[in-house]
Protein chains: 2
Amino acid sequence: MNGARTGARPAQSLQDRVRRDLPAFTEAERRVAHALLGEYPMAGLETVARFARRAETSGPTILRFINRLGFESYADFQDALRTETQARLQGPLSRYDLRGQTSAPAASGGLAVAMRQNIETAARDLAPSLPAIAERLADLDRKVLCIGGRFSWMIAGYLHAYLRELRPNVRLVRDGSASWADDLLDVAPADIVVVFDFRRYQRDVLELAKGAVAQQAEIILVTDIWYSPVAALAQHVVACPVSIPSAFDSGVTGLAVVEIITAAVIDALGPGSKGRIATLEALRKPFNLGP
Amino acid sequence: MNGARTGARPAQSLQDRVRRDLPAFTEAERRVAHALLGEYPMAGLETVARFARRAETSGPTILRFINRLGFESYADFQDALRTETQARLQGPLSRYDLRGQTSAPAASGGLAVAMRQNIETAARDLAPSLPAIAERLADLDRKVLCIGGRFSWMIAGYLHAYLRELRPNVRLVRDGSASWADDLLDVAPADIVVVFDFRRYQRDVLELAKGAVAQQAEIILVTDIWYSPVAALAQHVVACPVSIPSAFDSGVTGLAVVEIITAAVIDALGPGSKGRIATLEALRKPFNLGP
DNA sequence: CTAGCCTTCTATCAAACGTTACAGCGCCAG
DNA sequence: CTGGCGCTGTAACGTTTGATAGAAGGCTAG
């Protein structure tokens with residue numbers, strides 16, 4: 001009954017603390033520690049009984065182990081584990097963000113923090129499929145069509161603007177356009193349709209995607225983490241977290257994805273693309289003013 | 001052709017399955033799905049009661065949700081979650097280091113990192129002038145005109161789309177539009193012109209800004225850190241770092257600034273703006289699919 | 001050798017849990 | 001307006017759970 005440890009705040013990571021206190025534990029408790037570290041953190045998120053079986057010990061030993069770590073109950077311990085792991089899954093930077101939150105300018109109310117986390121998550125989500133996506137967009141034998149919904153068509157517009165500087169045969173379909181049928185007509189098998197669709201998902205975007213599939217086009221979808229229904233038709237889906245502390249969802253994540261994809265396309269295209277950009281710049285010079 | 005890694009069915013993570021099935025769920029179940037995705041995966045590792053409270057629903061709804069996903073019991077569901085998350089934590093993508101920020105998303109070549117730094121810097125730079133900017137954009141006695149250059153007009157479009165949902169008398173001038181003179185004609189003293197101008201700065205944007213000043217409009221400029229020449233005419237200047245390791249400058253920073261400003265405008269407008277958004281949503285309902 | 005303490009297990013209990021049955025509600029068809 | 005159906009929350013149930021008390025085993029000090 002060694003009280004006084006109530007509600008102890010983990011000054012450092014739980015994992016580290018377990019490792020550090022390891023020599024101080026009894027033999028059975030050390031088995032518990034090893035079981036936890038060996039399958040960290042999920043071993044500790046099971047029931048006491050299963051955790052005990054895993055550590056080849058009994059329930060009460062688990063609870064004494066938990067108490068010694070400074071937790072009043074097994075539930076407290078699991079809460080701590082969950083919180084810590086969630087932060088860890090959110091990305092390496094998130095813990096810095098949390099630290100600095102008190103000193104951060106409240107003026108932007110955590111908006112910047114949320115956006116940065118969204119980008120981090122999206123970039124990680126995108127990474128595995130990036131090469132395949134870039135390869136297709138860099139394939140000059142395929143035409144590319146970019147479309148978006150009420151808000152997201154502006155992001156589609158960005159992709160269109162970037163790609164147009166890099167390669168021919170890129171077109172943009174505006175939201176609410178009456179010419180969708182015409183645009184679909186030009187879509188050939190193996191062409192790429194890049195769809196941007198965030199909630200609230202619009203019916204016409206889905207319809208156009210269906211049409212494109214009927215023409216045997218390949219669909220790349222950039223959507224929010226709640227998945228547009230277009231996902232069912234798409235070969236590649238990029239999910240963007242879009243939540244920020246505001247009345248609107250954030251478009252920043254989608255644009256970040258576009259720019260990451262664009263950079264990958266440049267890589268895939270090789271040196272030729274640089275020349276194309278330079279030519280374009282030269283052509284536009286008369287419309288610009290001073291560098 | 002082999003099943004691309006990103007391809008049709010990428011190992012169907014539980015998360016993906018929830019997203020994919022989302023449209024098929026009922027309203028309350030969708031709340032559950034959102035709660036889970038919003039705090040994935042830890043929301044699902046809590047007790048049913050807590051999960052339910054988080055999703056603002058009741059226990060049985062959680063259970064029905066779980067069943068629909070194909071699990072016989074909540075315990076089965078949690079087992080799957082644990083297994084999957086444990087694998088994810090041990091996977092190469094989350095080779096994190098709790099002690100330091102040594103992990104880098106190499107796949108995207110530091111693009112995400114650069115974008116995040118840019119946003120952070122811009123948000124800090126914006127903070128002092130944010131109240132003044134928001135106050136002006138929330139002043140319904142002033143009309144608002146948004147304009148931008150070749151790339152940046154899409155960011156202007158975003159601001160326009162947001163503001164239009166919040167207040168009347170907001171217009172967007174498209175890059176290269178022939179109607180600039182007409183647009184200028186409507187500008188009255190004390191009206192606000194929000195100019196987005198990133199290099200290469202375009203002559204026509206500067207011309208329009210000059211015209212607006214002649215009409216005694218107030219100019220808010222969002223530009224890159226090299227300052228568009230419009231800065232000389234502007235009352236408020238927001239400087240955005242736009243450098244990323246790519247052939248193009250980043251538009252992400254500008255969009256982030258727009259969304260931070262938008263959130264501040266909502267605050268400045270007070271509760272009335274929410275009603276306006278709701279009305280708009282209702283009006284648009286026929287064009288959307290699913291709730 | 002034995003008393004005392006520490007560690008660990010078994011047995012037990014109340015509380016919390018997941019689960020099920022049922023009733024209220026809104027919605028659409030007739 | 002009415003009947004039926006699907007969705008959802010409330011209430012009750014039986015089980016499992018975390019937690020505790022107490023006994024068995026083993027180690028050390030005296």
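Residue numbers begin at 1 in each chain, while the letters A, B, ... track the order of the sequences.
For B/D76 and C/dT19, the CG to P distance is 8 Å, given to the nearest whole Å. Rounded to whole angstrom, the span from the CD atom of A/E46 across to the P atom of D/dG18 amounts to 11 Å. The separation between A/Y74 atom OH and D/dA19 atom P is 9 Å, rounded to whole Å. We find that CG of A/L45 is positioned 15 Å from C1' of D/dG18, with the value rounded to whole Å. Between B/R30 atom CZ and D/dC7 atom P there is a gap of 11 Å when expressed in whole angstrom units. In this structure, B/R53 places its CZ atom 19 Å from C1' of D/dT8, rounding to the nearest Å. The CZ-P distance, from B/F71 to C/dT19, rounds to 13 Å in whole Å. Distance, B/F77 CZ to C/dG18 P: 12 Å, rounded to whole Å.
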Stepwise side-chain contact (heavy atoms from CB on, under 4.5 Å) test for A/I225 and A/D125 | CA-CA 11 Å; A/I225 57 166; A/D125 192 70; over 6 Å; no

From CA spacing to verdict: side-chain contact (heavy atoms from CB on, under 4.5 Å), A/T26, A/F65 = CA-CA 9 Å; A/T26 69; A/F65 170 81; over 6 Å; no

Intermediate values then yes/no, side-chain contact (heavy atoms from CB on, under 4.5 Å), B/L255 and B/Y158 = CA-CA 8 Å; B/L255 186 52; B/Y158 244 98; 3.5 Å; yes

Could you give me the CA-CA distance, side-chain angles and deciding distance for A/Q202 and A/W153, then say whether side-chain contact (heavy atoms from CB on, under 4.5 Å) is met?
-> CA-CA 12 Å; A/Q202 285 170 255; A/W153 79 265; over 6 Å; no

Kindly determine whether A/R124 and A/E120 satisfy salt bridge (charged side-chain N to carboxylate O under 4.0 Å, His left out), including the steps that lead there.
-> CA-CA 6 Å; A/R124 182 169 326 161; A/E120 167 83 13; 2.7 Å; yes

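The residue A/R50 sits apart from the nucleic acid: no heavy atom pair falls under 4.0 Å.
Axis angle between the ends of the helix from C/dC1-D/dG30 to C/dG30-D/dC1, five pairs each and rounded to 10 degrees, works out to 10°.
DNA chain C lies under 4.0 Å from at least one heavy atom of each of the following residues of residues 55-69 of chain B: B/P60, B/L63.
Between B/Q78 and A/R31, the residue anchored closer to the 5' end of DNA chain C is A/R31, taking for each the nucleotide with the nearest heavy atom.
Taking a cutoff of 4.0 Å between a charged side-chain nitrogen and a carboxylate oxygen, B/R31 and B/E56 do not qualify as a salt bridge.
Here B/R30 contributes atom CZ and B/T61 contributes atom OG1; the two are 13.0 Å apart, rounded to the nearest 0.5 Å.
The shortest distance between the side-chain N/O atoms of A/T26 and the OP1/OP2 oxygens of C/dT8 is below 4.0 Å.
For A/D197, the side-chain contact (heavy atoms from CB on, under 4.5 Å) criterion is met by A/V195, A/Y201, A/V205, A/L221, A/S228, A/V230, not counting sequence neighbours.
Between the side chains of A/Y227 and B/D21, no donor N or O sits under 3.5 Å from an acceptor N or O.
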